[in-house]
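A quick write-up on the structure given underneath.
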Amino acid sequence: MTKNKDFFQLVCEVTQQIPPGRVTSYGAIARFLGSPQSSRMVGWALNATKSGMPYIPAHRVVNRNGMLTGKKHFGTSSAMAQLLQNEGVKIEENQIQNFKNIFWDPSLELI
DNA sequence: TAGCTGACGCCCT
DNA sequence: CAGGGCGCCAGCT
């Protein structure tokens, strides 16, 4: 078949599977897709999702540190944190608290 | 056309 | 312990 789903498409699907109150990291998604070093591509894909895509909970995707590095791309500085806090995720200084506790790994639960 | 940047991650010094 | 550099793919200027 022609070609597998684009990296962009896969990122979209995985991101949409993230349950509320849970978060994942760019590296986790990249690794799940088979390109652990292409974590940047995940960011690039999410960047495209914000434009013309159905609701993609990109705010549930953070870096390995649990820090809301991409909040600047949301348009508003606290939009990402607000959305996460709205779901029950505790944020402090743009950093997710209990990050490892609410961490959602696609390769473990999305299987 | 060619080059640079980019929502990161991990290794090395 | 801390800082810097490299790698990856695709899109944009």
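The basis for the numbers below is simple: all heavy atoms, side chains too, and nothing from hydrogens, waters or symmetry mates. Since the structure is predicted, the reported quantities are computational estimates derived from the model, not experimental observations. A, B, ... follow the sequence lines: proteins, then strands. Residue 1 opens every chain.
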Note to self: Heavy atoms only, 4.0 Å cut-off, all strands: where does A:A30 land among base, sugar-phosphate and nothing?
What the structure shows: nothing

Notebook entry, point to check: So, the side chain of A:Y26 versus the backbone of A:V61: is there a donor-acceptor pair under 3.5 Å, distance only?
Noted result: yes

Notebook entry, point to check: Is it true that A:R60 and A:E87 have a side-chain N and a carboxylate O under 4.0 angstrom from each other?
Noted result: yes

Margin query: Using only atom types and a distance under 3.5 Å, with no angle test, would you say the side chain of A:T24 pairs donor to acceptor with the backbone of A:W104?
Written below: yes

Next item on the list: Could you encode protein contacts along nucleotides 8-13 of chain B as a string, one character per nucleotide from 5' to 3', using B for base contact, S for sugar-phosphate-only contact and - for no contact, with a heavy-atom cut-off of under 4.0 Å?
Entry: BSS---

Item checked: Main-chain N/O of A:N65 paired with A:N63 side-chain donor or acceptor, under 3.5 Å -> yes

Next item on the list: Would you check if the side chain of A:Q82 reaches a backbone N or O of A:S78 as a donor-acceptor pair within less than 3.5 Å?
Entry: no

Margin query: Pairing donors with acceptors under 3.5 angstrom, does anything connect the side chains of A:N98 and A:K90?
Written below: no

Margin query: Going 5' to 3' along DNA chain C, which are the first and last nucleotides with any atom under 4.0 Å from a heavy atom of chain A?
Written below: C:dG7 to C:dG11

Next item on the list: Pick out which of A:I29, A:T49, A:V42 makes a side-chain contact (heavy atoms from CB on, under 4.5 Å) with A:T15.
Entry: A:I29

Item checked: Qualifying residue, where the test is side-chain contact (heavy atoms from CB on, under 4.5 Å) with A:V62 and the options are A:K71, A:M80, A:Q95 -> A:M80

Check: Reading DNA chain C 5' to 3', what string of ( ), [ ], | and . shows its pairs, if Watson-Crick and G-U wobble pairs count only when both distances fall under 3.5 Å?
Finding: .||||||.|||||

Item checked: Integer-rounded Å distance: B:dG6 P and A:M41 CE -> 14 Å

Notebook entry, point to check: Any idea which heavy atoms bring A:F99 and A:S25 closest together, and the distance?
Noted result: CZ-CB, 4.5 Å

Note to self: Is it the case that the side chain of A:S38 and the backbone of A:M41 share a donor-acceptor pair, with hydrogens and angles ignored and the cut-off at 3.5 Å?
What the structure shows: no

